[in-house]
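Below: one structure, written as structure tokens.
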Protein chains: 2
Amino acid sequence: MKTVRNTRQRNAILKNIREAEGPLSVAEIHERAGREIPGLGIATVYRAIKALREDEEIVVVELPGEEPRYEPVGRGHHHHFRCLSCRQTFDLDMCPVGIPQGTTLPGGYVVEDHSLTLYGRCSDCLN
Amino acid sequence: MKTVRNTRQRNAILKNIREAEGPLSVAEIHERAGREIPGLGIATVYRAIKALREDEEIVVVELPGEEPRYEPVGRGHHHHFRCLSCRQTFDLDMCPVGIPQGTTLPGGYVVEDHSLTLYGRCSDCLN
DNA sequence: GTAGATGCAAACGCTTTGCCGCTTA
DNA sequence: TAAGCGGCAAAGCGTTTGCATCTAC
């Protein structure tokens, strides 16, 4: 039986993912957690992410053309907004896609799920 | 002045992208064009894609969590359907996203563009 | 004949793995 | 004190680049 241990590294990694305003990339996690744990290895970040996903503490968020990002589980069905200026990714809690599960589209495609990313400027970058 | 040449390799690559039912990945392009040009190098495919993008013959299509794919220019604003069974990607000509350019969302995000991918089963895989 | 294209192999950048000393329980 | 964990460095893997050869024009 495999026991999961509480280490400074994993605590810092999970804490940073939880406190972020949106999903974080591996590099962002490494950078943020590395401020608390100097010398934190990148391999440790990858291994912690893998373990946290298996424990269902975090989920992967895939955006078009970008590295995988990670956020805590339980945020429910939501989409993301990507600022074209500062390149930050934010969570949105609305869903403007009018296609219920089970809809059949022209061409015979039966829809089960969807992924939407909006692009533009966040309020900080508009000024 | 740089002249673009007509070579068997590039012709085969562009032809296969044009004749596909949806956007193709590098591996798919290499595999299909390689049937016409045995020994076709993967570097040639990458370089042809780069040149075709610069000539605006093709555009890149990014889907969440997948390799970049390529399709001919001029297909206009559209989205993609990804079959969860056969893993093929198809073009859709409808847009069920009710957010015009310039809309400001709660949180102060101003939307300029969006990317939508639908997931489900294509008609071939439903039977 | 020459600039541009190709194929091969080496170089790259990011992710994963092996090894071994360190730490948590 | 032992199983799990962390750091380092090497291995993988897809993409890009350098180089010598070949080819379209």
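Proteins come first, then strands; the chains are lettered A, B, ... in the order of their sequence lines, and each starts at number 1.
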* With a 4.0 Å cut-off on heavy atoms, is B/Leu40 in touch with a base, just the backbone sugar-phosphate, or nothing at all? -> sugar-phosphate

* Structure fact -> The answer to which of A/Ala48 and B/Ile42 contacts DNA chain D further toward the 5' end, by nearest nucleotide, is A/Ala48

* Most 5' of B/Glu67 and B/Thr3 on DNA chain D, judged by nearest nucleotide ->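 This one resolves to B/Glu67.
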
* Taking only residues two or more places apart in sequence, or in another chain, which ones meet B/Arg87 in a side-chain hydrogen bond (donor to acceptor under 3.5 Å, both in side chains)? ->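 Per chain and number, B/Arg87 pairs via side-chain hydrogen bond (donor to acceptor under 3.5 Å, both in side chains) with no residue.
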
* Can you list the residues that meet the side-chain hydrogen bond (donor to acceptor under 3.5 Å, both in side chains) rule with B/Arg32, with sequence neighbours excluded? ->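 B/Arg32 satisfies side-chain hydrogen bond (donor to acceptor under 3.5 Å, both in side chains) with no residue once adjacent residues are dropped.
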
* Got a sec, which pairs hit ring-ring contact (aromatic ring centres under 6.0 Å, His included) with one end in residues 86-109 of chain B, sequence neighbours left out? -> A/Phe81-B/Tyr109, A/Phe90-B/Tyr109, A/Tyr109-B/Phe90

* Ionic contact status for A/Arg69 with A/Glu66, cut-off 4.0 Å ->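 Salt bridge flag = yes for A/Arg69 with A/Glu66.
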
Separation of [X] atom [atom1] from [N] atom [atom2], in whole Å?
{"X": "A/Ile37", "N": "D/dC5", "atom1": "CD1", "atom2": "P", "value": "15 Å"}
{"X": "A/Glu66", "N": "C/dC14", "atom1": "CD", "atom2": "P", "value": "15 Å"}
{"X": "B/Ile49", "N": "D/dT16", "atom1": "CD1", "atom2": "C1'", "value": "12 Å"}

* Asked: With a 3.5 Å cut-off and no angle check, do the side chains of A/His80 and A/Glu62 form a donor-acceptor pair?
  -> no

* **Residue whose nearest DNA chain C nucleotide is more 5′ - A/Ala27 or B/Val4** => B/Val4

* Asked: When you measure from every atom of DNA chain C, which of residues 5-17 of chain A have a heavy atom less than 4.0 Å away?
  -> A/Arg5, A/Asn6

Might you list the N or O atoms of the protein lying below 3.5 Å from N or O atoms in nucleotides 17-21 of chain D, with each pair's distance?
unit_1: D/dG18; atom_1: O6; unit_2: B/Arg47; atom_2: NH1; d: 3.2

* Asked: Is the ring centre of A/His114 less than 6.0 Å from the ring centre of A/His77?
  -> yes

* Asked: Taking all atoms of both residues into account, what is the closest heavy-atom pair of B/Ala20 and B/Arg75, and its distance?
  -> O-NH2, 3.8 Å

* Partners passing salt bridge (charged side-chain N to carboxylate O under 4.0 Å, His left out) against B/Glu54 (at least two apart in sequence or in another chain) ->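 B/Lys50.
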
